[in-house]
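Reminder, nothing fancy here: chain letters follow the sequence lines and each chain counts from 1. Quick caveat: nothing in here was measured; it's all calculated off a predicted structure.
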Protein chains: 2
Amino acid sequence: MAASIIDVARRAEVSTATVSRALRGLPNVSEATRERVLRAAEELSYAVSPHASSLASGRTGTVGVILPFVNRWFYSQVVAGIDSVLRANDLDILLYNLGDERVHERFFARMPPRRRVDALIVLNLPLSATESESLVSLEVPIAVLGTRIPGCWHVSIDNAEGTSTAVRHLINLGHRRIGMISGALGDPRGFTTPIVRQHAYRTVLAQAGIPYDPDLEAPGNLTIDEGASAMAQLLSLPDPPTAVFAESDQMAFGALRTMGRMGLRAPDDVSVIGFDNHETAELLDLTTIAQPVAYQGELLAQQILDALSGSSEEPAQVVVPTRLVVRGTTGAARVARPRHPSSPRPGPEPDQHSRTTAR
Amino acid sequence: MAASIIDVARRAEVSTATVSRALRGLPNVSEATRERVLRAAEELSYAVSPHASSLASGRTGTVGVILPFVNRWFYSQVVAGIDSVLRANDLDILLYNLGDERVHERFFARMPPRRRVDALIVLNLPLSATESESLVSLEVPIAVLGTRIPGCWHVSIDNAEGTSTAVRHLINLGHRRIGMISGALGDPRGFTTPIVRQHAYRTVLAQAGIPYDPDLEAPGNLTIDEGASAMAQLLSLPDPPTAVFAESDQMAFGALRTMGRMGLRAPDDVSVIGFDNHETAELLDLTTIAQPVAYQGELLAQQILDALSGSSEEPAQVVVPTRLVVRGTTGAARVARPRHPSSPRPGPEPDQHSRTTAR
DNA sequence: TCCTTTCATGTAAACGATTGCATTACCTCC
DNA sequence: GGAGGTAATGCAATCGTTTACATGAAAGGA
């Protein structure tokens, strides 16, 4: 049986109250006593019971991280970022992986983190109003990535800006027929990121005076395979795009695969730009919009620490910048296209040629 | 203030003991009473306090998962597998990400999961004898992936077998000069997997009568970049390999990148085979040794469930099979090599031509 | 009818800390 | 020398369950 605080108290010849204070480094304990307690604890190899401690104090030393897919590159990176700063502050991570819809529902029906966590971090999950309220009703600080929950801390990238940059990059290269492979639009829960990006895509095209063509939007589901089929769909159009914006690198990889299998090359036949700057993007020489992934996790964790220490008054909100990374899969549109010799108008000034362009 | 079990007891006009029993579905509670309790709990939107419950019962409803790198593909997949089965049984996951050595040490110095978890799952972490004992002394069931801890449950692939298959595949294609890019040998903690694989590689070569050449072993560190440099190192040898076995797909990707930059192609110039069947392997048409990743996680979780239910007596140990997936980066050795026209002896019977060969 | 069982429920003692509120002892300063 | 302040410590209530044991009622058996 493990030693309890009473054993330590007895051995150090003080009360349990003093042991508790000494062990936690609280003031009003004489140096001599503190040492005696420390020694006693050491000798008994005593460790506080986290549950007893939580029960008595109300603190748990634990932060819940709620996300859709731990096994996707993006989320695992963010979790690593979160972990690095939380761990440094002796906070444990309780993981809730809600990708599966059943699991998602069950989670909100039972609310397992209730009274189990000091704070919550929510990654990119689309939540109904009721669900958001459930979380808020837990009355712990919440930091949210990507989405928005009233009264919570926020970290996100500027999706509209990132998308605009990507699409403008293509326009600047002279492309007029620009496809988009978008993600997760099918999920009934309604992830917001894809919606924002789709909207930005349409807006930029409109601003450039390019007519809207619904055929140029193909749904992927953020996976390589679905990106591949989406690309196949786009390329089978009577008037296929000369450039494609995939809203995740993974889908761009799929798109490149499809092209490869059809004997097409980027950027000669079709330009492709992704989003994320996935570690494999460099490998495949994919032009993309980079976002600092782990860093966003660190920010979220830092917000939680701030909230927990009560040092800051109001929930803050930070938007981290994205940047265009120009690599080899995007290039100038061919001036004269075989099928449509009618639209050879040159695009605006071309992009700089530096391989990596800060936005 | 949230409702406590006392409130529920009052409202249902029973004792707290009965409430506890009714809520947990224990026997010896009349149907009428149970319903009354359930209703009362519902009306007060009561939820048990996990800490109080843990303190009183000793159970925590939580499993600790200890791993080196959440943000690496392999581990995040395994975690997803673990999560899927644990979640289904209402067990929470406490994540311990010990990649950083400092974090690792601190972890074993403080043992945060002590009394916080009902069981532990350890992924591939190299542990000193003392560290293993620390874990064992927690007196909870432990399931281990990859490594071995006496008295614990085990899941692993047969690394020696997988490696042998890979190297034999190359030998069967007629290669004699076969390099290996190995991982994490530099880590002072001594991950065992790389050691086993390196040994198997040497053994197979010896069995085939191929003399040992230390220059053909280059250290990567399981990352793309280090795989790339390792390949650069191998290719700069006076007598470079005609085939390379990289012990992770990631490093194989790096190797391919290096080749690409040097204007070399696989398998024409050098054959490359990886290990894992990473999702990107198909994309890059990489021949590899596939292992079922998420599945191993599920197995680990299942072992924990078995242990927890006490249904099984002895810790079990399961070895899951790997299989050779032949894709486009491996091919027959050129019979006459420019530099060494002296070794044109044809290899043994070539591999089958099916793209995916069960082992 | 009386004695066992069996079932439903209640009582109260853990579980192992934290913390508000004394209490004590020792200074310091008129 | 007494009033008042401060630092160190102890007392005991509290956190919210679970569970061994006791109790009582109803049912079954001889």
Side-chain angles (χ1 to χ4, degrees), chain A residues 1-38 40-41 44-62 90 111-118 138-140, chain B residues 1-38 40-41 44-62 90 111-112 114-118 138-139:
Chain A
M1 193 47 56
S4 91
I5 198 174
I6 299 183
D7 306 318
V8 179
R10 247 199 292 274
R11 182 173 255 258
E13 299 180 294
V14 292
S15 70
T16 63
T18 302
V19 173
S20 177
R21 286 187 281 249
L23 256 28
R24 284 181 301 147
L26 296 187
N28 293 344
V29 175
S30 76
E31 222 20 72
T33 310
R34 192 186 302 278
E35 282 196 6
R36 205 145 29 88
V37 171
L38 255 30
L44 296 171
S45 64
Y46 164 79
V48 307
S49 154
H51 297 296
S53 176
S54 300
L55 181 56
S57 70
R59 295 173 237 108
T60 66
T62 303
D90 288 324
M111 270 296 169
R114 190 202 311 267
R115 309 208 238 175
R116 290 207 120 194
V117 300
D118 289 340
L138 258 31
E139 301 189 315
V140 296
Chain B
M1 195 47 54
S4 91
I5 198 174
I6 300 182
D7 305 318
V8 179
R10 248 199 292 275
R11 183 174 255 257
E13 297 179 296
V14 293
S15 70
T16 62
T18 302
V19 173
S20 178
R21 286 188 281 250
L23 255 27
R24 285 181 302 148
L26 296 188
N28 293 344
V29 175
S30 75
E31 223 19 73
T33 310
R34 191 185 301 278
E35 282 195 5
R36 206 145 28 87
V37 171
L38 255 31
L44 296 170
S45 63
Y46 164 78
V48 307
S49 154
H51 297 296
S53 175
S54 300
L55 181 57
S57 70
R59 294 173 237 109
T60 66
T62 303
D90 287 325
M111 273 294 170
R114 190 202 309 268
R115 308 208 239 177
R116 290 205 122 198
V117 300
D118 289 341
L138 258 29
E139 301 191 314

Starting at [atom1] of [X] and ending at [atom2] of [N], how long is that distance when rounded to a whole Å?
| X | N | atom1 | atom2 | answer |
| --- | --- | --- | --- | --- |
| L23(A) | dG16(C) | CG | P | 16 Å |
| I5(A) | dA12(D) | CD1 | P | 17 Å |
| R10(A) | dA17(C) | CZ | P | 12 Å |
| H51(B) | dG16(D) | NE2 | P | 11 Å |
| D7(B) | dG16(D) | CG | P | 9 Å |
| L26(A) | dG20(C) | CG | P | 11 Å |
| L55(B) | dG16(C) | CG | C1' | 5 Å |

Nearest atoms (heavy-atom pairs only) where [X] meets [Y]:
| X | Y | result |
| --- | --- | --- |
| Y46(A) | V8(A) | CG-CG2, 3.6 Å |
| S54(B) | T60(B) | OG-CA, 3.7 Å |
| R114(B) | A47(A) | NE-CB, 3.2 Å |

- Task: Give a yes or no on whether the backbone of S53(A) and the side-chain of S57(A) come within a donor-acceptor separation of less than 3.5 Å.
- Result: yes
Strictly below 4.0 Å: does [X] bring a side-chain N or O up to OP1 or OP2 of [N]?
| X | N | answer |
| --- | --- | --- |
| S20(B) | dT18(D) | yes |
| T18(B) | dG10(C) | yes |
| R115(A) | dT17(D) | yes |
| S53(A) | dG16(C) | no |
| S30(A) | dT9(D) | yes |
| N28(B) | dC7(C) | no |

Please tell me which of the listed nucleotides, [options], lies nearest to the side chain of [X]?
| X | options | answer |
| --- | --- | --- |
| S4(B) | dT17(D), dT19(C), dG10(C) | dT17(D) |
| R21(B) | dC21(D), dG16(C), dT17(D) | dC21(D) |
| A17(B) | dG10(D), dG10(C), dA12(D) | dG10(C) |

Quick one: label [X] by what it contacts on the DNA or RNA (base, sugar-phosphate, nothing), any heavy atom closer than 4.0 Å.
| X | result |
| --- | --- |
| R59(A) | sugar-phosphate |
| T33(A) | sugar-phosphate |
| R34(B) | nothing |
| A22(B) | nothing |

- Can you measure from OG (S4(A)) to CG (L44(A)) and round to the nearest 0.5 angstrom?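 Interatomic distance, S4(A) OG to L44(A) CG, rounded to 0.5 Å: 9.5 Å.
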- Query: Can you tell me how far OG of S30(B) sits from CZ of R36(B), rounded to the nearest 0.5 angstrom?
  - Reply: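 So the CZ of R36(B) and the OG of S30(B) are separated by 7.0 Å.
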- Result for 5'-nearest mapping on DNA chain D, choosing between A52(A) and P27(A), is P27(A)
- Residue mapping more 5' on DNA chain D - nearest nucleotide basis, R24(B) or S15(A): S15(A)
